[in-house]
Colleague: 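First the structure, which I've put down as structure tokens, then a few questions once you've had a look.
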Amino acid sequence: MRIGVLGTGNMADALATHWVRAGHEVTIGGRDVRKAERLATRIGGSAKPAGLRAAAEAGHEVVLAALPFGAGADVARDLRASLEGKVLLDCSNPVGPGFRLLTEGGLSAAQRLAAAAPGAHVVKAFNLCHEDVWRMRPPVFDGRPLSVPVCGDDETALARVRELVRNTGCRPVSGGGLERAGLLEATAALFIALWVGEGADAQAIAPPLAYAAGPNHREPEKDTAAFR
């Protein structure tokens with residue numbers, strides 16, 4: 001795929017590195033082209049630097065919006081013609097001081113991108129982990145690959161993003177339509193508050209899958225006594 005990346009920060013670095021290694025053509029776009037040049041040089045391979053508009057135009061299949069929440073919609077609105085018909089992948093987290101969800105009561109960050117660039121197919125993914133987790137090759141914990149929820153409304157766009165998730169060594173899982181992207185963003189706000197604010201293990205708040213419907217709903221173990 002030909003992928004454009006809007007932004008030169010840590011998420012752009014982490015994800016674009018995986019995608020270049022997977023053989024995609026990646027264009028790194030920044031307001032400061034010198035920062036884009038430095039990042040493209042560090043990533044190496046097919047990575048090329050550009051300005052924001054040129055990166056959006058170069059991303060024929062997918063454009064990653066690796067931008068702060070406060071800037072994403074403005075950039076998407078400015079580039080909406082260049083984003084027409086493309087997958088616009090949002091990894092932002094609208095989390096403010098006190099781990100407060102900045103979109104509470106309104107549109108999610110992903111929905112705001114969709115409103116700013118109505119011709120694009122917005123997909124939400126890659127927002128639940130610190131950028132250093134995305135740098136891992138691959139993110140596997142206790143032998144289990146990291147699962148990445150993906151939210152979007154267009155099946156072709158979802159298929160492309162699922163491929164990009166697999167390129168990072170992770171497992172894509174369906175998170176529903178774009179209207180559920182706000183749930184991913186709220187989950188990130190909660191997890192960050194637990195991890196950073198409380199020093200708590202966020203994974204410990206959910207039981208294993210076998211107990212998701214309660215212990216009485218577990219599948220009974222097969223009786224092997226007759227075969228002993």
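Keep in mind that the numbers below use all heavy atoms, side chains included, and drop hydrogens, waters and symmetry copies.
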Colleague: Got L164 and H24 here, is their nearest side-chain heavy-atom distance under 4.5 Å?
Modeller: yes
Colleague: So, S82 side chain and E57 main chain: donor-acceptor pair closer than 3.5 Å or not?
Modeller: no
Colleague: Mind checking the CG-CG spacing from L88 to L83? Nearest 0.5 Å is all I need.
Modeller: 5.5 Å
Colleague: By the side-chain hydrogen bond (donor to acceptor under 3.5 Å, both in side chains) test, which pairs, at least two apart or in different chains, include something from residues 177-189?
Modeller: K124-E185
Colleague: If you look at every heavy atom in L102 and G96, which pair is closest and at what distance?
Modeller: CG-N, 3.7 Å
Colleague: Please name the pair of heavy atoms, one in C170 and one in P172, separated by the smallest distance, quoted to 0.1 Å.
Modeller: O-CD, 3.8 Å
Colleague: How close do G177 and C151 get, heavy atom to heavy atom, and via which atoms?
Modeller: O-CB, 3.6 Å
Colleague: Got a sec, which residues hit salt bridge (Lys or Arg N to Asp or Glu O under 4.0 Å) with R34, two or more places apart in sequence or on another chain?
Modeller: D32
Colleague: Could you grab the distance from atom OG1 of T8 to atom CD of E37, nearest 0.5 Å is fine?
Modeller: 11.5 Å
Colleague: Does the side chain of F191 reach to within under 4.5 Å of the side chain of V95, using non-hydrogen atoms?
Modeller: no
Colleague: Is I28 linked to L6 within one hydrophobic cluster, defined over Ile, Leu, Val, Met, Phe, Trp and Tyr using a side-chain heavy-atom separation of less than 4.5 Å?
Modeller: no
Colleague: What I want to find out is whether E155 reaches R162 closely enough, with some N-O distance under 4.0 Å, to be called a salt bridge.
Modeller: yes
Colleague: Which heavy atom of P207 sits nearest to which heavy atom of A212, and what is that distance?
Modeller: CG-CA, 4.4 Å
Colleague: How would you list, by chain and number, every residue that makes a side-chain contact (heavy atoms from CB on, under 4.5 Å) with R135, sequence neighbours excluded?
Modeller: N10, D13, A14, E131, D132
Colleague: Roughly how far apart are L128 CG and C91 SG, rounded to 0.5 Å?
Modeller: 11.0 Å
Colleague: Starting from L178, can I reach F126 by hopping between I/L/V/M/F/W/Y residues whose side chains sit under 4.5 Å apart?
Modeller: no
Colleague: Quick one: are W19 and L64 in side-chain contact, heavy atoms under 4.5 Å?
Modeller: yes
Colleague: Check whether V87 and V20 end up in the same hydrophobic cluster, where Ile, Leu, Val, Met, Phe, Trp and Tyr are linked by side-chain heavy atoms less than 4.5 Å apart.
Modeller: yes
Colleague: I'd like to check the side-chain contact (heavy atoms from CB on, under 4.5 Å) partners of A193; sequence neighbours left out, ordered by chain and number.
Modeller: F99
Colleague: Is there a donor-acceptor contact under 3.5 Å from the side chain of R112 to the main chain of L107?
Modeller: yes
Colleague: Where do L89 and R160 land on the side-chain contact (heavy atoms from CB on, under 4.5 Å) test, with the steps shown first?
Modeller: CA-CA 10 Å; L89 176 54; R160 289 175 181 169; over 6 Å; no
Colleague: Can you name the closest pair of heavy atoms from L79 and L52 and give their distance?
Modeller: CD1-O, 3.9 Å
Colleague: Applying a strict under-4.5 Å side-chain criterion to I, L, V, M, F, W and Y, I'd like to know whether L158 and L15 cluster together.
Modeller: yes
Colleague: Who pairs with H60 by side chain to side chain donor-acceptor pair (under 3.5 Å), at least two apart in sequence or on another chain?
Modeller: R2
Colleague: Do M136 and V148 land in one hydrophobic cluster if side-chain heavy atoms of ILVMFWY residues count as linked below 4.5 Å?
Modeller: yes
Colleague: Determine yes or no for a side-chain-to-main-chain donor-acceptor pair under 3.5 angstrom, with W134 supplying the side chain and M11 the backbone.
Modeller: no
Colleague: Please check this pair: side chain of D154 against backbone of T156, looking for a donor-acceptor N/O pair closer than 3.5 Å.
Modeller: yes
Colleague: Hey, what do you get for NE2 (H18) to CD1 (I43), rounding to the nearest 0.5 Å?
Modeller: 11.0 Å
Colleague: Is the backbone of L184 close enough, under 3.5 Å, to the side chain of N127 for a donor and an acceptor to pair up by distance?
Modeller: yes
Colleague: Checking R77 now: which residues fulfil salt bridge (Lys or Arg N to Asp or Glu O under 4.0 Å) with it, not counting sequence neighbours?
Modeller: D74
Colleague: How close do A181 and S108 get, heavy atom to heavy atom, and via which atoms?
Modeller: CB-OG, 4.0 Å
Colleague: For I205, does the CD1 atom sit with more than 12 other heavy atoms under 6.0 Å from it, leaving out its own atoms?
Modeller: yes
Colleague: Nearest 0.5 Å please: distance from the NE2 atom of H121 over to the CD atom of E84.
Modeller: 8.5 Å
